[in-house]
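All heavy atoms count here, side chains included; hydrogens, waters and symmetry mates do not. Here is how names work: the chains are called A, B, and so on, in the same order as the sequence lines, proteins then strands, and each is numbered from 1. In this text, all values refer to a predicted model and were calculated from it rather than measured experimentally.
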Amino acid sequence: MNEIAVENTSDLYAVRVQKLEEMRSSGFDPFRANWDQKHTSAEAIGLYKRDEDQTEVSVAGRIVIFRDMGKACFLKLLDRDGLIQLYVKKDEVGESAYLDFKKWDIGDIMGASGPLFKTKTGEVTVRTQKIGLLSKSLRSLPEKWHGLVDEEQRLRQRYLDLITNQESRNRMIMRTKILQEIRQFLWSRDFREVETPMLQNVAGGAAARPFVTHMNALDCDFVMRISLELYLKRMLVGGFDRVFELGRVFRNEGLSRRHNPEFTMLEVYQAYSDFRGMMDLMRDMVHHICEKVIGSYQVTRPDGVVIDLSGNWREATYKDLIIEATKDPQWFSRSKEEKLKRCSELGIQVDPNLEDFAVTNDVFEKCIEPTLIQPTFVTHIPKELCPLAKLNQTDSSVLDVFELCINGQEIAPAYSEQNDPFIQREMFEKQVGDEKQEMDTDFLHALEYGMPPAGGMGVGIDRLTILLTGASNIRDTILFPTLKAN
RNA sequence: GCCUAGCUAGCUCAAUCGGUAGAGCAGUUGACUCUUAAUCAAUUGGUUCGGGGUUCGAGUCCCCGGCUGGGUACCA
């Protein structure tokens with residue numbers, strides 16, 4: 001017996017344990033029972049044409065509604081497809097089976113078989129002839145009408161949330177479908193899915209604080225990965241010239257509506273492509289998901305705002321957006337002091353100790369990003385913001401990259417990947433000077449063997465799921481979000 | 001990290017000025033062989049998140065702690 005059971009023993013619990021004991025002493029163990037489930041609820045309902053057909057089905061699931069009318073009962077079973085109604089009548093199942101059955105509870109898992117019919121009120125129902133108890137539930141489920149609303153319990157006991165809240169169940173199903181369709185899409189474009197280490201010596205590819213852990217066998221510390229980038233680029237060096245990984249990364253930073261310490265990242269690398277190729281790939285991928293999973297190119301946020309993902313998406317350079325927001329065509333030739341002055345005129349709070357480029361980026365993050373609700377590729381960001389991308393050939397102050405913003409947040413950055421080992425080292429050294437990220441010298445060594453020119457892209461799957469499911473919080477898209485021990 | 005709100009029966013929620021902690025669902029017992037939050041009758045169930053304090057008396061007021069929500073900061 002588990003700890004929760006011992007701690008929270010209640011009368012309700014005791015009653016059900018007693019029912020279980022009685023079953024066992026009469027020679028029946030519900031946990032050893034089995035059932036030949038031939039149909040899901042949806043499949044069964046789909047088979048119905050007319051009452052006269054007497055279409056036989058065999059279903060199984062959890063009892064979520066139990067309406068007892070004496071010598072007949074209506075109940076509803078929940079299975080992976082949803083709900084199906086059963087009509088269990090004494091005359092149909094026999095007296096002794098019926099008496100046993102009446103002791104079953106909401107929450108129990110059972111099987112039922114018999115012909116389909118339609119009730120007076122038009123609901124396709126199983127006229128149950130054979131029933132079996134498959135697992136006894138010892139705890140009462142949350143209330144049927146309101147479901148589980150306590151946010152903490154919904155997260156800590158997600159299984160209860162999934163049983164009671166259809167919305168929650170649907171959102172999680174949608175997430176699995178999104179993952180499946182991403183794989184389908186990339187496989188169809190000849191990308192290979194690979195797995196690279198989560199335990200690393202150097203956490204590279206992003207500027208984030210890593211989780212540190214210790215390995216006993218080697219008696220040394222490891223860090224949990226914060227991105228997939230540097231290992232996937234090693235794969236490019238190794239000749240896997242279309243490659244992706246879909247996996248968890250870990251960042252030891254704050255939690256918020258948009259941040260969970262572990263989250264799912266997709267990174268894609270395509271040799272002989274560049275950031276423009278990634279634009280097409282990203283748009284095609286999202287369109288594919290819209291078609292296969294959402295069934296629409298428009299998604300509606302909880303507040304009613306509609307985001308249109310169809311067609312081509314807006315493209316704007318970082319510089320143009322900044323100039324538009326500051327209404328200052330000369331912004332990029334102003335001194336830092338002039339920029340700060342303009343910021344205060346615009347009512348933007350900016351830390352005066354920031355470096356010049358960071359002041360500008362603050363303007364972007366505070367004034368521009370939140371306004372980019374419809375999909376927008378923001379291109380050519382300043383070179384200081386990323387050490388891993390190629391400089392633009394006509395304007396060496398900016399990078400050949402885009403950041404895709406939708407719903408007021410960054411969904412996916414993509415680069416023309418830096419493959420010059422000298423420039424790469426130089427960029428890293430600058431970053432290290434700013435204590436931004438540790439240098440992965442083994443990665444630099446790999447680059448020296450030659451990495452093909454490539455486009456690369458990273459997609460925050462959780463944020464994409466927020467967008468596509470209309471969720472308002474990252475925790476609504478993660479089955480078991482990070483929580484403090486209770 | 002900071003600000004703010006919440007925590008009462010298994011679940012969803014009440015409880016006036018500090019004065020016997022209530023209801024619905026679930027449970028138990030009974031009635032009902034087409035119900036839809038089924039209905040009807042009766043009924044069980046409480047360490048009010050934990051600890052301390054003020055008071056004749058605390059769910060309610062004060063202090064400390066825990067967990068959670070919302071906001072904010074950090075986060076390429």
Side-chain angles (χ1 to χ4, degrees), chain A residues 4 8-16 18-19 51 63-76 83 85-93 98 103 105-107 117-123 125 127 137-157 160-161 163-164 205-210 226-227 229 251-261 263 318 349 351 357-358 361-362 364-366 369 378 381-389 399 401 403 409-410 412-413 415 431 434 436-437 458 460 472-473 475 481 483-486:
Chain A
I4 301 170
N8 296 343
T9 298
S10 67
D11 288 349
L12 297 177
Y13 182 80
V15 166
R16 292 194 178 202
Q18 200 189 334
K19 285 181 180 177
D51 279 11
I63 304 172
V64 291
I65 296 281
F66 199 124
R67 298 194 188 104
D68 181 352
M69 297 189 309
K71 296 184 185 63
C73 300
F74 279 96
L75 36 171
K76 289 200 176 166
L83 294 169
Q85 180 164 261
L86 308 182
Y87 182 51
V88 184
K89 202 160 63 150
K90 189 172 150 190
D91 297 349
E92 296 273 3
V93 297
Y98 191 72
K103 290 182 196 142
D105 292 297
I106 290 174
F117 75 108
K118 210 172 228 178
T119 64
K120 279 204 297 206
T121 47
E123 182 163 353
T125 301
R127 186 184 303 278
S137 168
L138 301 176
R139 297 192 173 276
S140 49
L141 289 178
E143 203 226 18
K144 62 186 173 190
W145 186 241
H146 298 91
L148 191 62
V149 274
D150 181 65
E151 198 61 31
E152 177 176 359
Q153 243 183 313
R154 288 185 56 202
L155 302 179
R156 288 191 192 278
Q157 293 180 273
L160 291 181
D161 182 41
I163 292 168
T164 41
R209 266 178 298 166
I226 57 173
S227 93
E229 180 147 359
R251 295 187 180 179
N252 202 345
E253 283 158 6
L255 291 85
S256 82
R257 231 178 42 184
R258 294 192 173 90
H259 300 83
N260 196 63
F263 62 100
Y318 185 90
Q349 284 202 328
D351 180 356
F357 75 89
N361 202 45
D362 236 27
F364 180 78
E365 283 176 5
K366 288 178 176 156
E369 195 175 307
V378 179
I381 68 172
K383 66 176 191 295
E384 292 86 355
L385 292 176
C386 172
L388 292 156
L399 300 162
V401 304
E403 284 186 356
Q409 57 181 315
E410 189 193 325
Y415 315 145
Q431 291 276 318
D434 300 340
K436 285 265 182 181
Q437 59 177 286
S472 49
N473 195 312
R475 280 188 310 275
L483 294 174
K484 208 163 177 173
N486 206 351

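- Paired regions of RNA chain B, where each region holds three or more successive Watson-Crick or G-U pairs whose two hydrogen-bonding distances fall under 3.5 Å, are B:1-7 with B:66-72, B:10-13 with B:22-25, B:27-31 with B:39-43, B:49-53 with B:61-65.
- Regarding A:K89, its NZ atom lies at a distance of 8 Å from the P atom of B:C34, rounded to whole Å.
- With both ends at atom P, the span from B:U60 to B:U8 equals 13 Å, rounded to whole Å.
- Remark: A:R156 pairs with A:E152 by the side chain to side chain donor-acceptor pair (under 3.5 Å) rule, at least two apart or across chains.
- Listed by chain and residue number, A:E369, A:E403, A:P413 satisfy the side-chain contact (heavy atoms from CB on, under 4.5 Å) test with A:E410 (two or more places apart in sequence, or in another chain).
- Each of A:D68 and A:K71 lies near RNA chain B, and the nucleotide nearest A:K71 is the one positioned closer to the 5' end.
- Every side-chain contact (heavy atoms from CB on, under 4.5 Å) that A:P210 has, sequence neighbours left out, goes to A:A203, A:V223, A:I226.
- For the C1' atom pair drawn from B:C11 and B:U16, the interatomic distance equals 26 Å after rounding to whole Å.
- Regarding A:E92, its CD atom lies at a distance of 13 Å from the P atom of B:C34, rounded to whole Å.
- Residue contacts for A:I65: at a heavy-atom cut-off of 4.0 Å it reaches the sugar-phosphate backbone alone, with no base atom in range.
- Nucleotide B:C75 holds its P atom 10 Å from the NE2 atom of A:H259, rounded to whole Å.
- With hydrogens and angles disregarded, no donor-acceptor distance shorter than 3.5 Å links the side chain of A:K103 to the backbone of A:K19.
- For A:K118, the salt bridge (charged side-chain N to carboxylate O under 4.0 Å, His left out) criterion is met by no residue, not counting sequence neighbours.
- Glycosidic conformation at B:C17 (O4'-C1'-N9-C4 for purines, O4'-C1'-N1-C2 for pyrimidines): syn, within 90° of 0.
- Checked by atom type and distance alone, the side chain of A:E384 never pairs as donor or acceptor with a backbone atom of A:A358 at under 3.5 Å.
- Using a 4.5 Å heavy-atom threshold, the side chains of A:Q409 and A:R258 count as touching.
- Nucleotides B:U28 and B:U33, compared at atom C1', are 23 Å apart to the nearest Å.
- Without hydrogens or angle criteria, A:E143 side chain to A:H146 main chain gives a donor-acceptor distance under 3.5 Å.
- Nearest to the side chain of A:F74, among B:C34, B:A76, B:U33, sits B:C34.
- Distance A:E253 CD to B:C74 P: 12 Å, rounded to the nearest Å.
- The NZ atom of A:K118 sits 16 Å away from the P atom of B:U35 (whole-angstrom rounding).
- Qualifying salt bridge (charged side-chain N to carboxylate O under 4.0 Å, His left out) partners for A:R16, counting only residues two or more places apart in sequence or in other chains: A:D105.
- For the pair A:R258 CZ and B:C74 P, the interatomic distance rounds to 14 Å; values are reported in whole Å.
- B:A31 and B:U48 have their P atoms separated by 38 Å, with the value rounded to a whole Å.
- When each of A:L385 and A:K120 is assigned the nucleotide of RNA chain B with its nearest heavy atom, A:K120 is the one assigned upstream, toward the 5' end.
- A search for salt bridge (charged side-chain N to carboxylate O under 4.0 Å, His left out) contacts involving A:K89 returns nothing, not counting sequence neighbours.
- At the heavy-atom level, A:Q85 lies under 4.0 Å from base atoms of the strands shown.
- The interatomic distance linking A:E229 (CD) with B:A76 (C1') rounds to 11 Å, in whole Å.
- Remark: the separation of the P atoms in B:A23 and B:C62 is 29 Å, to the nearest Å.
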Listed pairs, N/O of protein and of nucleotides 21-30 of chain B, under 3.5 Å:
from	atom 1	to	atom 2	distance (Å)
B:G24	N2	A:E143	OE2	3.3
B:C25	O3'	A:K144	NZ	3.4
B:A26	OP1	A:K144	NZ	3.1
B:U28	OP1	A:K19	NZ	2.6

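- Computed from coordinates, the A:L75 CG to B:A37 C1' distance equals 16 Å when rounded to whole Å.
- Contact annotation for A:L255: base contact, defined as any heavy-atom pair under 4.0 Å involving a base atom.
- Checking B:C32, B:C11, B:C75 against every side-chain atom of A:M69, the shortest atom distance belongs to B:C32.
- Rounded to a whole angstrom, the distance from the P atom of B:G10 to that of B:G27 is 15 Å.
- A:Q153 comes within contact range of the sugar-phosphate backbone alone, with a heavy-atom separation under 4.0 Å but no base atom that close.
- Here the shortest heavy-atom pairing between A:D68 and A:G70 reads OD1-N, 2.8 Å.
- For A:Q85, the side-chain contact (heavy atoms from CB on, under 4.5 Å) criterion is met by A:R67, A:F74, A:K76, A:T119, A:E123, A:T125, not counting sequence neighbours.
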Using atom names, set out every protein N or O paired with an N or O of nucleotides 67-70 of chain B below 3.5 Å, distance rounded to 0.1 Å.
from	atom 1	to	atom 2	distance (Å)
B:C67	OP1	A:K484	NZ	3.0
B:C67	OP2	A:K484	NZ	3.4
B:C67	O3'	A:R156	NH2	2.9
B:C67	O2'	A:E152	OE1	3.1
B:C67	O2'	A:E152	OE2	2.5
B:U68	OP1	A:R156	NH2	3.2
B:U68	OP1	A:K484	N	3.2
B:U68	O4'	A:E152	OE1	3.3
B:G69	OP1	A:R475	NE	3.2
B:G70	OP1	A:N473	ND2	2.8
B:G70	OP2	A:R475	NH2	2.8

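- Rounded to the nearest Å, the gap between the C1' atom of B:C2 and that of B:A73 is 8 Å.
- For A:N473, there are no side chain to side chain donor-acceptor pair (under 3.5 Å) partners two or more places apart in sequence or in a different chain.
- By the side-chain contact (heavy atoms from CB on, under 4.5 Å) test, A:K71 is found to be paired with A:K90, residues two or more places apart in sequence or in another chain being considered.
- Here the separation of B:G18 from B:A58, taken at their P atoms, is 14 Å to the nearest Å.
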